[in-house]
Amino acid sequence: MTAVKQHYQKELNPQQIRAVEAINGPVLIIAGAGSGKTRVITYRIAHMLGAGVPQSAILALTFTNKAAREMAERIRALLGKKLPNLIVSTFHAFGVRVLRSHIHRLGYRENFSIYDTSDQLSLLKETAREMKMPLENLDLYGTLTAFSRIKSGSAEWNEDTAQLRPLYDDYQSHMKLYNAVDFDDLIQIPIRILREHPDVLDEYRRRFQYMLVDEFQDTSRQQYDFMHLLGVEHQNVCVVGDDDQSIYSWRGADYKNLVQFENDFPGLCEIKLERNYRSSDTILAAANGVIAHNTNRKSKNLWTGTQGGSPIELAYPEDERAEAAFIAEKIKTLAMREQLKYHDVGVLIRTNNLARTLEEGFLAENIPYRMSGGESFFQRKEIKDMICYLRLCANPDDDVSLLRIMNTPRRGIGRKTLEQLQEYARSAGVSLFSAMHALSAASDSPLAARAQADLAEFTALIDTYRPKLLSGKRMAETVTALVAEIDYWSHLVSEHQKNDKVAKWKFRNIELFIDIMRAYESDPDNLDPGLFAFLNRITLQLRDDIEDDDDRGKINLMTIHAAKGLEHEVVFVAGVEDGVIPHARAIEEDEANIEEERRLFYVAITRAKRKLFLTSCRRRKVMREVIDCSPSPFLEEIPAELITVSEADTTVDQSEAADYFAMMRARFAKSS
DNA sequence: TAGGCCAAGATTTTC
DNA sequence: TCTTGGCCTA
């Protein structure tokens with residue numbers, strides 16, 4: 001018996017062992033919350049390797065970078081090996097990989113740019129402007145969503161969307177001209193390559209004899225197609241999921257994939273993991289009570305052997321600041337009385353904008369925290385500027401990047417000049433950068449001499465740095481020099497005249513960015529340290545995926561989406577109010593979304609191992625106005641006997657509040 | 001013609 | 001609150 005086998009046979013229950021050992025043929029693992037899924041997957045892969053499956057034959061796909069990284073780490077730790085040929089990655093990252101090797105088959109070049117939402121947005125605006133569509137009556141965000149649905153195959157053109165079609169076609173042809181792809185393309189284009197080029201399909205099928213898809217409930221139609229394409233021949237496909245934790249339908253996740261899987265892979269082996277090892281029975285009962293209100297679930301009976309958890313505490317703080325104070329104070333108390341470690345605490349929120357007040361509260365109480373998810377470091381304005389410089393160097397046809405930086409810092413290239421450039425670019429069918437070259441050099445250029453000189457200076461800048469960056473050597477130093485040459489610091493200072501702290505902070509971010517770059521290019525385990533690989537990677541990653549310094553000693557603040565797959569001894573869910581969970585916008589969009597919102601709440605609850613706190617503010621500041629809030633309807637779905645309402649922060653009416661402040665003032669006066 | 005200033009509106013969640 | 005876009009001025 002192998003060492004791995006000895007290990008897991010002791011540690012796992014019979015269903016889990018089945019899930020580990022069923023490596024041939026299609027397998028569907030329904031893994032309830034806290035049922036030891038990650039452990040099973042880890043052992044499963046270890047077991048496969050132990051059974052003689054080469055690492056290069058395994059393709060494990062997950063949904064988030066965090067999950068991918070964690071899985072890879074766990075397997076490595078278990079086996080004590082590096083496993084350089086084992087691929088554990090997100091669908092999108094794997095898509096990039098396929099594109100890097102084969103995108104030329106569809107007429108793109110290998111130095112393609114990847115556009116994130118903000119790039120897409122700029123392109124969309126640009127396209128609309130060009131087509132003389134008034135921006136006011138165009139719902140940009142909604143349009144992008146519609147485009148995405150079309151691209152990812154979760155919707156067809158219909159009467160409602162038909163009017164967007166010319167815009168879409170133009171958007172697409174621009175993307176092609178710029179040699180750029182968006183997130184949907186990262187799946188869609190590989191699918192097209194595999195379908196249109198049997199030799200490529202064959203190559204991948206021969207290599208990846210075993211596939212594993214985690215968080216299967218979150219796969220979109222196109223991701224499913226991708227998986228199916230690669231796995232249908234050998235049928236060694238294992239998918240792991242839990243329909244109750246499907247929280248990404250807004251991104252195209254389609255629970256129908258489960259049914260589809262059962263059809264496409266007949267004779268599959270279905271394994272249910274229903275024993276919860278994570279949460280106390282109180283927490284589990286609350287979670288079950290909530291999720292039972294959803295229809296359309298695969299039947300499941302999650303149970304735990306643990307008895308007698310402490311009750312769930314519910315508090316009604318006055319407003320979001322009181323909420324932050326309440327949470328901070330509870331954490332301090334628990335840390336003191338029960339030796340709770342900060343890193344064992346998770347504070348979960350529905351939306352990122354709730355983070356700010358909480359962060360302030362933690363800062364005030366000196367509680368170290370880490371915010372994960374949220375705005376990516378790489379989305380920050382100053383970082384995005386740097387990235388666009390790099391992208392333009394990598395791919396000079398990338399007009400979106402060019403537009404962003406051509407006047408950042410100010411170079412005196414104004415509206416008129418730009419219009420002339422665009423006119424030229426359009427008629428010649430070339431990118432703006434080529435147009436710049438052409439018009440700045442031409443003697444019969446329609447541009448003013450001044451403008452010509454400005455353009456020439458800009459193109460010279462890019463042309464100088466391009467070869468240096470592409471050489472793949474000392475990129476970090478090159479970027480440092482670039483930042484100095486464009487004098488980005490002065491730009492920051494002039495942009496933030498009232499507030500030089502902000503300028504300093506932003507500059508510090510740029511230094512951090514350069515550090516990340518340096519770490520990337522000097523990592524000996526990195527097989528592809530060039531500029532393209534770096535750019536590709538950072539567009540797919542949140543900051544927090546890169547920071548792997550130890551986060552022990554910090555509490556974890558994150559959105560519920562980001563918390564999926566994680567667990568904490570103590571969990572706080574903040575903002576459990578109607579309109580927040582369930583989110584007003586989601587419900588507005590479609591009433592049926594209530595079920596997904598409920599699943600979200602379910603995911604939040606089931607992150608807790610020992611103790612769960614819920615807070616629901618009576619008032620909350622939204623944008624700039626204070627609104628009255630009512631508790632989330634989901635609270636009523638938790639069996640009442642499991643909840644105690646926290647005394648500390650029950651309603652304080654106005655007169656009492658006034659008294660309280662008077663008392664505090666008096667006390668303060670006395671002691672000073 | 002470029003850049004500064006002011007008013008209005010906004011992203012729910014992530015690759 | 002912060003960003004974006006439009007308008008006005010030099």
Side-chain angles (χ1 to χ4, degrees), chain A residues 61-68 89-96 114-118 120-122 125 129 135-136 139-142 144-145 148 152 181-187 215 218-220 222-223 246-253 348-357 372-376 378-379 381 407-420 447-448 450-451 454 494-497 499 502 536-542 544-545 558-564 575 579-589 593 596-597 599-600 603-604 621-625:
Chain A
L61 296 172
T62 66
F63 217 63
T64 62
N65 290 298
K66 198 184 252 169
S89 107
T90 62
F91 270 97
H92 291 88
F94 185 68
V96 170
I114 302 174
Y115 283 178
D116 66 16
T117 314
S118 67
Q120 288 178 289
L121 219 53
S122 343
K125 281 187 207 162
R129 228 183 315 242
L135 280 173
E136 308 85 73
D139 170 11
L140 293 168
Y141 208 74
L144 281 184
T145 311
S148 173
S152 62
V181 299
D182 60 27
F183 282 124
D184 296 314
D185 289 329
L186 294 180
I187 314 297
E215 305 287 8
D218 289 330
T219 50
S220 66
Q222 58 164 188
Q223 286 166 327
S246 163
I247 55 177
Y248 282 96
S249 71
W250 51 274
R251 210 176 99 176
L348 308 187
I349 47 184
R350 170 69 236 262
T351 63
N352 281 303
N353 61 9
L354 302 187
R356 170 161 297 179
T357 327
S372 60
E375 191 200 32
S376 159
F378 301 108
Q379 313 260 7
K381 212 164 174 248
N407 235 355
T408 311
R410 300 257 110 95
R411 288 193 177 85
I413 306 173
R415 206 185 70 232
K416 197 61 201 278
T417 314
L418 178 60
E419 272 169 17
Q420 284 168 312
L447 297 176
R450 172 73 195 284
D454 289 337
S494 70
E495 289 275 289
H496 301 279
Q497 280 156 353
N499 202 338
V502 177
N536 289 343
R537 179 146 156 193
I538 59 179
T539 33
L540 295 182
Q541 290 203 342
L542 292 168
D544 139 272
D545 293 313
M558 60 186 106
T559 63
I560 301 172
H561 284 89
K564 191 153 74 131
V580 179
I581 322 180
H583 199 278
R585 265 196 132 88
I587 302 303
E588 199 181 291
E589 204 174 83
N593 284 340
E596 174 144 325
E597 295 292 310
R599 287 193 292 269
L600 213 39
V603 168
K621 204 162 143 197
V622 181
M623 311 279 201
R624 59 194 143 191
E625 54 186 335

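Naming convention: chains lettered A, B, ... in sequence-line order (proteins, then strands); numbering from 1 in each chain. Reckoned from all heavy atoms, side chains included, excluding hydrogens, waters and symmetry mates.
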Which is true for [X] with a 4.0 Å heavy-atom rule: it touches a base, it touches only sugar-phosphate, or it touches nothing?
| X | value |
| --- | --- |
| A:T117 | base |
| A:E589 | base |
| A:Y248 | sugar-phosphate |

Where the side chain of [X] is concerned, which of [options] is the nearest nucleotide?
| X | options | result |
| --- | --- | --- |
| A:A586 | B:dT12, B:dA2, C:dT4 | B:dT12 |
| A:T90 | B:dC15, C:dT4, B:dT14 | B:dC15 |
| A:L540 | B:dT14, B:dC15, B:dT1 | B:dC15 |
| A:T351 | C:dT4, B:dT12, B:dA2 | B:dT12 |
| A:H583 | B:dT12, B:dG3, B:dT14 | B:dT12 |
| A:R410 | B:dT1, B:dT11, B:dG4 | B:dG4 |
| A:N65 | B:dC15, B:dA2, B:dT14 | B:dC15 |

Has A:T145 got a side-chain atom pairing as donor or acceptor with A:Y141's backbone, closer than 3.5 angstrom?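 Confirmed, A:T145 side chain pairs with A:Y141 backbone.
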Under 3.5 Å, side chain of A:D182 to main-chain N/O of A:Y115, donor-acceptor pair present?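 The answer is no, because no donor-acceptor pair under 3.5 Å joins these two groups.
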Indicate, yes or no, whether a donor-acceptor pair under 3.5 Å links the base of C:dT1 to the side chain of A:R356.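 No such pair is found, so the answer is no.
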Record whether the side chain of A:R251 comes under 3.5 Å of the base of B:dT14 through a donor-acceptor pair of N or O atoms.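 Checked by distance alone, the answer is yes.
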A:R599 with A:E596: basic N within carboxylate O range, under 4.0 Å: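 Judged by the 4.0 Å cut-off on N to carboxylate O distance, A:R599 and A:E596 do form a salt bridge.
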Quickly work out the [X] [atom1] to [N] [atom2] distance and round it to whole Å.
| X | N | atom1 | atom2 | value |
| --- | --- | --- | --- | --- |
| A:R411 | B:dT1 | CZ | P | 20 Å |
| A:F63 | B:dT13 | CZ | P | 16 Å |
| A:L121 | B:dA10 | CG | P | 12 Å |
| A:H92 | B:dC15 | NE2 | C1' | 4 Å |
| A:L144 | B:dT13 | CG | P | 15 Å |
| A:E588 | B:dA10 | CD | P | 12 Å |
| A:Q120 | B:dT11 | CD | C1' | 14 Å |
| A:I247 | B:dC15 | CD1 | C1' | 14 Å |

Looking at every heavy atom in both A:I587 and A:E597, which two are closest together, and how far apart are they?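 So the two residues come closest at CD1-CG, 4.3 Å.
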Grab the two heavy atoms, one from A:N65 and one from A:L540, that are nearest each other, plus how far apart they are.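 For A:N65 versus A:L540, the nearest heavy atoms are ND2-O, 2.6 Å.
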[N] phosphate, OP1 or OP2, under 4.0 Å from [X] side-chain N/O:
| X | N | value |
| --- | --- | --- |
| A:N352 | B:dT13 | yes |
| A:R585 | B:dT12 | yes |
| A:T417 | B:dA2 | yes |
| A:K125 | C:dG5 | yes |

With sequence neighbours excluded, what pairs up with A:S148 under the side-chain hydrogen bond (donor to acceptor under 3.5 Å, both in side chains) test?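 Checked A:S148 against side-chain hydrogen bond (donor to acceptor under 3.5 Å, both in side chains); matches are A:D184.
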Sticking with atom C1', work out how far C:dG6 lies from B:dT11, rounded to a whole angstrom.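 Straight-line distance between the two C1' atoms is 22 Å.
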